[in-house]
Amino acid sequence: RRVCILVHESCKAQDIADRKDPNVQFLLASGRWKEVLVPIDKGRSQICVATLYGVSGASNDNAKKEETERLLAAALLRLASMKKVPYVLTTDLNIDPKRMKILSKCIECNICHDIVCDKHQGNASPTYCKTNVKEGMTGEGTSRIDTIITNPAAANMVDDIDQIYGTALAFDHTPFK
């Protein structure tokens, strides 16, 4: 697997992955994680943006869930290391984030925030539908496997977050705005 992060051409995003860090080495070797530093506020500030793609089948296979948990743990260590630098980790975990023990513990310890779950007071909507996404989707073939995790510095910058349905009709995941 390989992941990518797309930014507007006017943003000069920089790859800042610390290739000497064993956790970063593990993440990079997986091909399921990418991290960049993006300038904001006309270049006066910056934000770290990362993405993590969990192992397909993690919802139904314990070994795949454990592998996704290890990947998430390494990504959360990286997020936590940024402390005061806003850090946003976008995810497709292939499993409900609430089922990830490491994420629950990090949220409990205020190391990170699941800002999608926070917005919905713990009851976030499904983000995946096998037969195309639509507002109000429920039932078989739907689940919440995507979310956005931030450190406290980034969480304080977020005013609102929404799932976008109208432009995602041909897809099986809802994008966030």
query: Are side-chain heavy atoms of Pro97 and Asp114 found at a separation under 4.5 Å?
result: yes
message: Which residues pass the side-chain contact (heavy atoms from CB on, under 4.5 Å) test with Gln25, not counting sequence neighbours?
response: none
message: With side chain to side chain contact (heavy atoms under 4.5 Å, CB included) as the criterion, how do Val24 and Trp33 come out once you've worked through the C-alpha distance, each side chain's angles and the decisive distance to 0.1 Å?
response: CA-CA 9 Å; Val24 171; Trp33 176 85; 3.9 Å; yes
- line: Hits for side-chain contact (heavy atoms from CB on, under 4.5 Å) against Ala13, two or more places apart or cross-chain, chain-then-number order -> Val7, Val36, Val38
field: For Asn123, all residues meeting side-chain contact (heavy atoms from CB on, under 4.5 Å), sequence neighbours excluded
entry: none
task: May I ask you to decide if Lys130's main-chain N or O and Asp172's side chain share a donor-acceptor pair within less than 3.5 Å?
output: no
query: So, the side chain of Thr127 versus the backbone of Asp146: is there a donor-acceptor pair under 3.5 Å, distance only?
result: yes
message: Show, in sequence, the C-alpha distance, side-chain angles and deciding distance for Met100 and Leu93, and conclude whether the side chain to side chain contact (heavy atoms under 4.5 Å, CB included) test is met.
response: CA-CA 9 Å; Met100 304 301 289; Leu93 295 172; 4.3 Å; yes
- line: So the salt bridge (Lys or Arg N to Asp or Glu O under 4.0 Å) pairs with at least one residue in residues 65-89 (sequence neighbours excluded) are Glu35-Arg78
query: Are the side chain of Asn94 and the backbone N or O of Gly54 linked by a donor-acceptor pair below 3.5 Å?
result: yes
field: pair Leu103-Leu72: side-chain heavy atoms closer than 4.5 Å
entry: yes
task: Using modelled atom types only, decide if a donor and an acceptor are shared between the side chain of Thr51 and the backbone of Thr91 within a distance under 3.5 Å.
output: no
message: Please determine whether side chain to side chain contact (heavy atoms under 4.5 Å, CB included) holds for the pair Val158 and Asn156, giving the CA-CA distance in whole Å, both sets of side-chain angles, and the decisive distance to 0.1 Å.
response: CA-CA 6 Å; Val158 177; Asn156 288 330; over 6 Å; no
query: Do the side chain of Lys119 and the main chain of Ile161 share a donor and acceptor less than 3.5 angstrom apart?
result: yes
query: Does Cys129 have any side-chain contact (heavy atoms from CB on, under 4.5 Å) partners at least two apart in sequence or in another chain, and if so, which?
result: Thr131, Val133, Lys134, Met137, Thr142
statement: With sequence neighbours left out, the residues meeting side chain to side chain donor-acceptor pair (under 3.5 Å) with Ser10 are His8
message: Other members of the hydrophobic cluster containing Ile145, with the 4.5 Å side-chain heavy-atom rule, please.
response: Tyr128
- prompt: Among pairs that include at least one residue of residues 42-59, which meet salt bridge (Lys or Arg N to Asp or Glu O under 4.0 Å), considering only residues two or more places apart or in two chains?
  reply: Asp41-Arg44
task: Applying side chain to side chain donor-acceptor pair (under 3.5 Å), name anything that partners Asp15, two or more places apart in sequence or on another chain.
output: Arg19, Lys34
- prompt: Is any side-chain heavy atom of Ser125 closer than 4.5 Å to a side-chain heavy atom of Tyr165?
  reply: yes
- line: With sequence neighbours left out, the residues meeting side chain to side chain donor-acceptor pair (under 3.5 Å) with Asp18 are none
task: Could you note down all residue pairs passing side-chain hydrogen bond (donor to acceptor under 3.5 Å, both in side chains) where residues 98-110 supplies at least one of them, sequence neighbours left out?
output: Lys105-Glu108, Asn110-His113
message: Under a 3.5 Å distance rule, please check whether Asn23 uses its side chain to pair with a backbone N or O of Ala75 as donor and acceptor.
response: no
- line: By side chain to side chain donor-acceptor pair (under 3.5 Å), Thr150 pairs with (sequence neighbours left out) none
Close side-chain approach of Ile149 to Leu76, heavy-atom, < 4.5 Å: yes
- prompt: Distance-only, no hydrogens or angles: does the Arg32 side chain make a donor-acceptor pair with backbone N or O of Tyr53 under 3.5 Å?
  reply: yes
